[in-house]
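If you read the sequence from its start, that first residue is 1, and numbering goes on from there. Here the structure is a predicted model, which means the values were calculated and not measured.
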Amino acid sequence: MLDYQAPLRDMQFILEELAGLERIGKLPECEDASPDLVNAVLEEAGKFASGVLAPLNPVGDQQGCRLEGERVVAPEGWQAAYDQFREAGWIGLSLPAEHGGQGLPKLVSTPVWEMWFSANMAFAMLPQLNVGQTEALTIAASEEQKATWLDKIVSGEWAATMNLTEPQAGSDLAATRMRAEPTEDGAFRLYGQKIFISYGEHELTPNIVHLVLARLPDAPPGVKGLSLFLVPKYLLDERGEPGQRNDIRCIAIEHKMGIHGSPTCTLSYGDDGGALGYLVGEPHQGLATMFVMMNDARFSVGVQGVALGERAYQAALAYARERVQGRDIVSGESGRPILVHPDVKRMLVSMRARLMAMRGLLYSAAGWFDIARHHPDAEVADKHRRYVDLLMPVAKGWCTEVGNDLCDEAIQVFGGMGFVEETGVAQLFRDARVITIYEGTTGIQANDLLGRKILREDGTTLRELIGDIRETAVRLRAHERLGDLAGALDDQATLLDESVDWLLVHQADTAVLFAGAVPLLHLLGTACGAWQMARLALAAEARHEQREGDAEYLLSLIELARFYLATQAPHAHAYGHTLRHAGAVLSHFPEQGF
């Protein structure tokens, strides 16, 4: 079994120095997020992650879930762990206090969720769905619906899901066929199938609240005709408790390459008269509301990228320190651990550098969420909201791709033992491969970044972000120890600027542009990673100058930033080249060439 210890020192440093925890804690409704409270939360979460959830990770992988009739049976230990998780109030960490949550900033909950995902991603997917559904219902549900459902969802007493796609639709939600027919009492009867529903059926909670996209009889075609419905597994009795079973059946669970402990279900609605549901929000506006839950899920999946990468890095580092093999090519000594081999050291430092880059971006984005929601200055709030919108595809797409790469590299460090299941690192790779796909493939994220986020506003927000990157480069030049990093960061900003120019000149040629969408996403992710690592170096240098903290640790952060800018940032040039040239070649590629 792979051990896991939450990287508290790294988390706390980034929270304080890059994500602006102190500033967030001064915002209205965020005042409870004092450094002492946050550190206490992180420490307790770390204990729960390593002591309760991590030991269950291989159990979930080996046992998986099984379908017995219409019942889904979870792995051993899942029920007890979920009961502990719920009773400790972890689900409501950042959820509204008026519904029983603790109301802490998203910035505080983000590292906690990283711990859950590192320790046991298949388990953590269950409570994470409650967080996203709470966000959606808070925005769109009626007051009566909130009073009926939200307290139980926030507490985790009832589970939650989102039901989007169908067998014939895939990622094309315009092809949704599930229909919703009105009843005389104002409710609706739903008919159809939904697929790929995470935790769509289980017995870990006494009820499951599904949010379902469906079409009303008068719905226009396409995504503009989708409405959102709340459909419980059990209808509520006169006391508001689960009563009669609703007309929903689990007819299959997927046998996946990873996240075996999470049941991915096919649900059939309305086989026996129609599943009773309730309209959430306005008719035909369901996708807009569902996007609230989808965006929260996409951000969380990005956090899964860094979480699985961290777990893989810890495993690879521990193995490299213990495994004795070969001769040290520098000293000539034998009997040394493989950590002394230059290529193994390169892989591990590269893993750690990319982890810190991703963590810096994701935690900063979590802080932007809080500023957008709570800052009293509308202009400041709007800027950070636009940054979140712009970089959401990068947070999901780039961080999951990099997380997948880190798990792959961990196997390389292990060598032959890496693909032996008993070592545990193969499970991380299988789990990580899934996260690049669900909640929208990398290609879907890239198309969103290019079409809806950059071209729609002629690159305005991205230009603003580039300006912030250049400001960081200016700050680097003011430091003797960091001045050599300024040129590398400026280079990233210039590359982004030139890429935006190219996109705007060629925006009429859709085929050429979108052929380069994924390289564009990787370009922006790599550049934002460089930006965060430069900020990391500046913060470490400031603390070192003030003699605050462990000098060796602070100097290691500076060298980590130097390594990223020297070895990872140059990849952005290749992505930029591919962006500009892939589409032109593909547009002339002959059909018979496939």
Side-chain angles (χ1 to χ4, degrees), residues 4 49 52-68 70-86 90-91 113-133 156 158-165 194-205 208-211 233 250-267 293-294 296-305 307-308 311 396 400 403-404 407 421 424 426-440:
Y4 170 73
V52 178
L53 297 186
L56 291 175
N57 199 38
V59 176
D61 186 58
Q62 293 158 17
Q63 293 185 2
C65 300
R66 64 184 189 274
L67 184 63
E68 296 182 351
E70 295 178 13
R71 295 177 59 237
V72 172
V73 180
E76 292 177 14
W78 245 238
Q79 185 69 66
Y82 183 77
D83 290 345
Q84 285 182 261
F85 192 90
R86 177 183 57 79
W90 287 116
I91 295 174
W113 281 103
E114 181 193 325
M115 295 181 204
W116 306 148
F117 293 136
S118 278
N120 192 332
M121 193 181 84
F123 174 92
M125 289 171 63
L126 170 61
Q128 188 275 321
L129 287 162
N130 285 47
V131 175
Q133 191 174 109
W158 296 345
T161 75
M162 58 178 175
N163 289 221
L164 285 83
T165 193
K194 293 291 183 180
I195 62 171
F196 300 146
I197 311 305
S198 297
Y199 280 96
E201 173 57 35
H202 56 84
E203 296 180 347
L204 298 169
T205 59
I208 303 173
V209 182
H210 304 286
L211 282 188
K233 175 181 175 179
C250 177
I251 59 176
I253 58 174
E254 302 299 333
H255 300 284
K256 309 181 294 296
M257 70 180 293
I259 53 173
H260 295 158
S262 165
T264 305
C265 302
T266 298
L267 298 182
M293 191 170 183
M294 290 167 63
D296 185 83
R298 286 175 173 177
F299 179 80
S300 294
V301 175
V303 175
Q304 290 171 9
L308 291 174
R311 188 78 183 272
K396 195 282 180 185
T400 58
N404 184 61
C407 292
E421 289 288 351
Q427 179 194 347
L428 300 177
F429 180 70
R430 288 186 282 101
D431 288 354
R433 192 64 192 89
V434 179
I435 66 176
T436 64
I437 304 295
Y438 67 11
E439 301 306 333

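Residues satisfying the side chain to side chain donor-acceptor pair (under 3.5 Å) test with T436, not counting sequence neighbours, are R433. For R66, the salt bridge (Lys or Arg N to Asp or Glu O under 4.0 Å) partners are E68, not counting sequence neighbours. Under the side chain to side chain contact (heavy atoms under 4.5 Å, CB included) criterion, E70 pairs with R249, not counting sequence neighbours. Remark: Q84 engages F48, V52 in a side chain to side chain contact (heavy atoms under 4.5 Å, CB included) (not counting sequence neighbours). Evaluation of the side chain to side chain contact (heavy atoms under 4.5 Å, CB included) rule for A122 yields W78, N120, I259, S262 as partners, not counting sequence neighbours. Shown here are the ring-ring contact (aromatic ring centres under 6.0 Å, His included) partners of H210, two or more places apart in sequence or in another chain: there are none. Scanning for side chain to side chain donor-acceptor pair (under 3.5 Å) contacts around T264 gives K256, with sequence neighbours left out. The salt bridge (Lys or Arg N to Asp or Glu O under 4.0 Å) search around E421 returns R430, not counting sequence neighbours. Here N163 pairs with T161, Y269 under the side chain to side chain donor-acceptor pair (under 3.5 Å) rule; sequence neighbours left out. In this structure E439 satisfies the salt bridge (Lys or Arg N to Asp or Glu O under 4.0 Å) test with no other residue, sequence neighbours excluded. With sequence neighbours left out, the side chain to side chain contact (heavy atoms under 4.5 Å, CB included) criterion links A49 to Y4, M115, W116, A119. Every residue two or more places apart in sequence or in another chain was checked for a salt bridge (Lys or Arg N to Asp or Glu O under 4.0 Å) with E76, and none qualifies.
Shortest non-hydrogen contact noted between G156 and Y82 is O-OH, 2.6 Å. Between S198 and L129, the shortest heavy-atom contact is O-CD1, 3.5 Å. Here the closest heavy-atom approach between residue Y438 and residue M125 is recorded as CE2-CE, 3.6 Å. Smallest separation of non-hydrogen atoms from I253 and C265: CG2-SG, 3.8 Å. The nearest pair of heavy atoms linking P263 to G261 is CD-O, 3.6 Å. Nearest approach of T165 to F196, heavy atoms of both residues: CG2-CD1, 4.1 Å.
Atom CG in L308 sits 9.5 Å away from atom CG in N404 (nearest 0.5 Å). Between atom CD of residue E254 and atom CD1 of residue I195 there is a gap of 7.0 Å, rounded to the nearest 0.5 Å. Separation of atoms CG (D296) and CE (M162) is listed at 8.5 Å; rounding is to 0.5 Å. Note that CG of L428 is 9.0 Å distant from CG of D61, once rounded to the nearest 0.5 Å. With rounding to the nearest 0.5 Å, the separation of CE in M294 from NZ in K396 is 10.5 Å.
Q128 is listed as a side-chain neighbour of W113, based on a closest heavy-atom distance under 4.5 Å. Side chains of L56 and F123 form no contact here, defined as non-hydrogen atoms less than 4.5 Å apart. Annotation: side chain of Q427 is in contact with side chain of D431 (closest heavy-atom distance under 4.5 Å). Residues F85 and P127 meet the side-chain proximity criterion, which asks for heavy atoms closer than 4.5 Å.
Checked by atom type and distance alone, the side chain of Q79 never pairs as donor or acceptor with a backbone atom of A74 at under 3.5 Å. Within the 3.5 Å criterion, the main-chain N or O of W158 finds no donor-acceptor partner in the side chain of T205. Without hydrogens or angle criteria, H260 side chain to G64 main chain gives no donor-acceptor distance under 3.5 Å.
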Test I197 against T266 for side chain to side chain contact (heavy atoms under 4.5 Å, CB included), laying out the working first. CA-CA 6 Å; I197 311 305; T266 298; over 6 Å; no

So V72 and E203, side chain to side chain contact (heavy atoms under 4.5 Å, CB included) or not? Walk me through it. CA-CA 7 Å; V72 172; E203 296 180 347; over 6 Å; no

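Taking the six-membered ring where tryptophan is involved, the planes of Y199 and H202 are perpendicular, since the angle between them exceeds 60° and thus also 30°.
The one candidate from K194, K233, R71 that meets the salt bridge (charged side-chain N to carboxylate O under 4.0 Å, His left out) condition with E201 is K233.
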